[in-house]
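What follows is a single structure, written as structure tokens, with notes after it.
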Amino acid sequence: MDDSFYFSEQHLAVRDTVRGFARDHVAPVAAKLDAEGKFLWDNVKGMGELGLLGVPWPEELGGAGLDLTSYIIAIHEMAKVDASHAITISAHTTLGTSPIVKFGNDAQRKRYVPLLASGKVLGGFGLTEPSAGSDAGGTRTRAEKRGDRYIINGSKIFITHGGVGEIFVVTAVTDPSRGTKGISSFILTKPTTDLETAKQIGIGHDESLPAMKGFRAGKKEDKLGWRSSDTRELIFEDVEVPEENRLGNEGEGFTNFMQTLDSGRIGIGALSLGIAEGAYEQALRYASERKQFGKPIADFQGVQFQLSDMATEIEAGRHLVFHAAWLSQHGKPFGKEAAMAKLFCSELAMRATTKAVQIHGGYGYTKDYPVERMMRDAKICEIGEGTSEIQRLVIGRHILRGLTA
Amino acid sequence: MKIAVCIKRVPDMDVRFKIAAIGNAVDEAGLKFDMNDFDSWAVEAALQIKDRDAATEVVIVSLGTDAVQETIRKALAMGADRGVELKTDHIPFDGLAIARALAAELKDGGYDLVLFGKQSADSSNGVVGAMVGELLGLPLVTAISKLEISGQKGSAKREIEGGQEFVEFPLPAVLTIDQGLNIARYPALKGIMAAKKKPLEVKPAQLGAQTVTVTQMELPPERAPGRIIGEGVAAVPELVRLLQTEAKVL
């Protein structure tokens, strides 16, 4: 698909850089980081230096100044080797940084985006709560206005970079009487939980960001997959947030994060596709090397057909993902296509990784081969940033709207 | 200081090659191409000198079809300043023809250093760098694995059979780069953006007469299948005997 109209020579150059970095710096450590559940700090530094933590942001804000397709390529390529690295790029960029780039004022953009885009500090997005998941309208975290500041109380769960990150966009209810129109978003800052490591490697912490009193990370989740990504609770106890940290106007929080999630789906679609493709590449190689009954198992139709199905579905997934990215990049409506890409590719990631383990036989079930990790990493793609059920609702809304119009 | 780095676009070696129907060339269909590894270390060496502010300009020169522009742009994305494509309809096998075309381009360029990879992964001739040194009448050091430049003098290390050799030379000079000198950087994303705006000049290559041609290519013969002579300790004497008498490796 290299010759496809979606990709320019520049896109392929971006892909080669990410591919090289993933091969040389990610593949050798992915299994160990997964086993130890350790955050990938060293590679955060390398990814920041290459510009992978601010791909689509303008150069004057410290970004690489590339287009959305380049960014999606970066996530996709990284996920072929390790999903935890890919979600670090995606959660930091789409969830942590894009709301500030898109909905922030000039002062906010200049203050926070360069720190995030360069990878100096990590960012995250606080939306999900214990009782507000798919129904983000059920947000309980409260922001009460007192003079020129807000007092925030509540908590968020399953927040990527909750511990390691320093800059967070957090939603909270400013007017409980107005439902989803009473939700606003705020920029909150705290020091990283890994100050020691940050000092050692020289990134991860910025002295100039205020440590807001009462804002802290809770327990780290012990997860099935994405184990070297940092997922935690965020806790707010009488956190005083200056008015200047409110993102956009009061009441715009809900519509803003709906937009953020819309474009985020292309990224998770790409990440899912990457997992599927990585597993397929492993299975293809293994099947051509592993011999049974005197010949490579790839020569048996039972195995070959599985590989053919994987390859075909992956090709279809690529078209969905890069078409959605193309639409978004060209200012066309992309909500339906993004949801379709996310739905199809996340389910594909489960099918493809399960098949890849099957093709590897007993070896596939061991940690000597990466496919078992890929299978564990795939499941969350059907859940995070909108479950498959929610994607079907979104798609349903779009196609039914077409009927009645 | 001005540095020129001559690079070659070569096929990715990690594939099974096929011979084209004409019989004296590799079938390029479906092959992926990239910068020759040795050349990428030459580019890196030049950029490291530039990073220390010891060089003002790094110029990339590549001979071939327009496809080499992609490879030149990769070097520009890594941080080189401008590129020159010496355009031909194909890359000839004759190293002297290539060297003449490169020397014609380099001779009035005012370069203090001209860097090459020590050989290309595809033709493995390993002669072009040395021939350019000769044609330009400049000091030449081949296959270096360590390099220091200070002022108008340089010193280098060469790996030789069973030891190392340390050499000194005045600038301007022509050097060819061996493995181990450095690890080439990846083009950073900002570099990829910047590369689009850097100048890339296209000129016809002055190849002159070509005297050496490839007449035929053959794939290496298939290896004979292995043989199991027995199992366990009992099989060792027979194994040793065959390794001595048949395989002649002991």
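Each chain gets a letter, A, B and so on, in the order the sequences are listed, and its residues count up from 1. Every heavy atom of this structure was used, including side-chain atoms; hydrogens, water molecules and symmetry mates were not.
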At under 4.5 Å between heavy atoms, what parts of [range] are in contact with chain B? List them by residue number.
range                     : answer
residues 63-74 of chain A : A:G63, A:A64, A:G65, A:L66
residues 48-61 of chain A : A:E49, A:L50, A:G51, A:L52, A:V55, A:E59
residues 8-27 of chain A  : A:E9, A:Q10, A:A13, A:V14, A:T17, A:R19, A:G20, A:F21, A:D24, A:H25

Take a 6.0 Å sphere around [atom1] of [X] and say whether it holds more than 12 heavy atoms from other residues, nucleotides or ligands.
X      : atom1 : result
B:I22  : CD1   : yes
A:F5   : CZ    : yes
A:Q304 : CD    : yes
B:K50  : NZ    : yes
A:Y363 : OH    : no
B:K196 : NZ    : no
B:R227 : CZ    : no

TODO: Name the region of B:R185, side chain, backbone, both or neither, that has any atom closer than 4.5 Å to a heavy atom of chain A.
DONE: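 No part of it gets close to chain A.
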Task: Pairwise ring-ring contact (aromatic ring centres under 6.0 Å, His included) hits with a residue in residues 17-42 of chain B, at least two apart - done: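 For residues 17-42 of chain B: B:F38-B:W41.
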